[in-house]
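On a predicted model such as this, the values are computed, not experimentally measured, just so you know. Labels below follow one simple rule: chain letters A, B, ... track the order of the sequence lines, proteins then strands, and each chain is numbered from 1.
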Amino acid sequence: MAEKYDDNDPHDDENAMLTAYEELRTTLKTPENPLTEANLLKSGNFDIDDYTNITHSSSGTSSIADIDNILRLSENSHEVLFDHHEWEICDPSSNRKRPPRQSEFLQLLLENSRYSSYVSWVDKSQGLFRILRPERVADLWRKVKCRQTQGKMSYETFARGVRYYYGTGLMIKTNKKYTFCFKQSTQ
DNA sequence: AACCCGGAAGTCCG
DNA sequence: CCGGACTTCCGGGT
């Protein structure tokens, strides 16, 4: 079932991946610039899980062959095609379509089974969930959000936005890694 | 080391 | 021009 997305170049993701791939390979060829999580994340298309895979698979030393393998895996698990129609919100007050707020984005993400590798409920009845793919969630948010900016949307930036919901009462703190919790509206 | 927290100031957009 | 919703930067905590 090949579906077309006329308004979104399907080669964007692939090109970005290939660029990052080459960057990473180049980086790893220089001993003074070893494989670190920071280096990996800097490329923009990988996250903590990819780093864990690489360091585990190569038992301390990273060969280009190892990296090739992992990046192929990473590429294969990158198949969630972006469809902006999945991210439209019909504003309750104005009855107009608009991009989601960050909290609405999270809600949509959690309900969309296509993104089950990105995020999952820890306890849905409590509103407790965990982000599995921090950098990919952040990058997806960059595509979805209304407010466009210059810099790269990192998990750090993304998480700061979420933390503002502690103040508004939409979320409560968990103090756990990649874990957030919607405040339940039940009295 | 890599998150988490939240203040302060800046930006985008309705 | 204003204000809500982030975004950016960052020092401090776990």
Side-chain angles (χ1 to χ4, degrees), chain A residues 7 16 20 23-24 27-28 30-62 67 70 74 82 84-111 115 117-123 126-185:
Chain A
D7 47 359
E23 260 175 34
L24 186 59
T27 299
L28 295 169
T30 64
E32 68 276 10
N33 216 346
L35 174 64
T36 63
E37 186 175 342
N39 277 341
L40 191 67
L41 299 185
K42 204 161 58 181
S43 68
N45 283 285
F46 311 99
D47 54 33
I48 183 73
D49 297 338
D50 297 322
Y51 174 72
T52 305
N53 285 339
I54 289 173
T55 50
H56 281 13
S57 74
S58 57
S59 44
T61 60
S62 49
I67 304 303
I70 297 306
S74 180
F82 179 67
H84 74 43
H85 296 303
E86 293 182 329
W87 306 104
E88 283 175 350
I89 292 283
C90 190
D91 194 286
S93 54
S94 69
N95 224 31
R96 294 281 190 100
K97 282 183 181 176
R98 62 162 173 77
R101 308 260 190 265
Q102 200 173 3
S103 62
E104 294 166 332
F105 163 74
L106 245 14
Q107 206 77 67
L108 290 173
L109 191 62
L110 281 157
E111 300 311 326
Y115 289 99
S117 66
Y118 282 41
V119 67
S120 78
W121 290 111
V122 173
D123 185 334
Q126 291 188 84
L128 189 66
F129 65 96
R130 183 169 145 86
I131 293 174
L132 309 173
R133 296 295 228 173
E135 294 307 323
R136 287 185 191 173
V137 169
D139 195 54
L140 185 57
W141 169 238
R142 181 188 57 76
K143 293 182 189 170
V144 165
K145 70 195 169 98
C146 160
R147 187 173 170 239
Q148 296 306 309
T149 50
Q150 298 311 119
K152 174 189 183 306
M153 174 54 61
S154 66
Y155 174 70
E156 271 295 299
T157 305
F158 178 83
R160 181 67 187 97
V162 177
R163 287 199 294 276
Y164 262 109
Y165 290 133
Y166 299 152
T168 68
L170 247 165
M171 300 229 193
I172 56 179
K173 281 184 265 187
T174 72
N175 290 303
K176 287 177 191 161
K177 194 173 178 180
Y178 305 135
T179 306
F180 300 93
C181 189
F182 285 104
K183 183 172 183 179
Q184 303 304 82
S185 50

| query | For the pair made of OH in A/Y166 and C1' in B/dG7, what is the distance, rounded to whole Å? | reply | 16 Å
| query | C/dT8 P sits how many Å from A/K152 NZ, rounded? | reply | 11 Å
| message | Please check: side-chain N/O of A/T179 versus main-chain N/O of A/K177, any donor-acceptor pairing under 3.5 Å? | response | yes
| query | Do side-chain atoms of A/Q102 reach the backbone of A/F158 as a donor and acceptor pair under 3.5 angstrom? | reply | yes
| query | In terms of side-chain geometry, is the basic nitrogen of A/R136 or A/D139 positioned less than 4.0 Å from the acidic oxygen of its partner? | reply | no
| query | When rounded to the nearest 0.5 angstrom, what distance separates CG in A/L109 from OG in A/S120? | reply | 10.5 Å
| field | Length of the CG-P vector between A/L170 and C/dG4, whole Å | value | 15 Å
| query | Rounded to the Å, how far apart are A/Q150 CD and C/dC6 C1'? | reply | 15 Å
| request: Can you figure out which of B/dC4, C/dT7, C/dC6 approaches the side chain of A/T149 most closely? | output: C/dT7
| request: Give a yes or no on whether a donor-acceptor pair under 3.5 Å exists between the nucleobase atoms of B/dG6, that is its base, and the side chain of A/R160. | output: yes
| Roughly how many Å is it from CD in A/E135 to P in B/dA2, rounded to a whole number? | 12 Å
| field | Options B/dG6, B/dC13, B/dC3, nucleotide nearest the side-chain atoms of A/K177 | value | B/dC3
| task | Go through the N and O atoms of the side chain of A/R96 and the base of B/dG14, and report whether any donor-acceptor pair is under 3.5 Å. | result | no
| query | What integer distance in Å separates A/F158:CZ from B/dC3:P? | reply | 15 Å
| Does B/dG6 have OP1 or OP2 sitting under 4.0 Å from an N or O in the side chain of A/K173? | yes
| said: Let's see if you can work this out: which of B/dA2, C/dT8, B/dC13 has an atom nearest to the side-chain heavy atoms of A/Y178? | reply: B/dA2
| message | I'd like to know whether the aromatic ring centres of A/F182 and A/F129 sit less than 6.0 Å apart in this structure. | response | yes
| query | Toward the 5' end of DNA chain C, which comes first, A/T168 or A/G151, by nearest nucleotide? | reply | A/T168
| query | OP1 or OP2 of C/dT7 less than 4.0 angstrom from a side-chain nitrogen or oxygen of A/W141, does that happen here? | reply | yes
| Parallel, tilted or perpendicular: which describes the rings of A/Y178 and A/Y155, with under 30° parallel and over 60° perpendicular? | perpendicular
| request: Output the single nucleotide from B/dG14, B/dC5, C/dT8 whose closest atom is nearest the side chain of A/M153. | output: C/dT8
| Is there a Watson-Crick or G-U wobble partner for B/dC3 with both distances under 3.5 Å, and which nucleotide is it? | C/dG13
| task | Please report, rounded to the nearest Å, how far the C1' atom of C/dA5 is from the CZ atom of A/R163. | result | 16 Å
| query | Hey, does the side chain of A/N175 come within less than 4.0 Å of B/dC5's phosphate (OP1/OP2), counting only N and O? | reply | yes
| What is the distance, rounded to the nearest whole Å, between atom CD1 of A/I89 and atom P of B/dC13? | 18 Å
| Contact class for A/F105 vs. all strands (heavy atom < 4.0 Å): base, sugar-phosphate, or nothing? | nothing
| said: Is there a side-chain contact between A/Y164 and the phosphate of B/dC5, meaning an N or O under 4.0 Å from OP1 or OP2? | reply: no
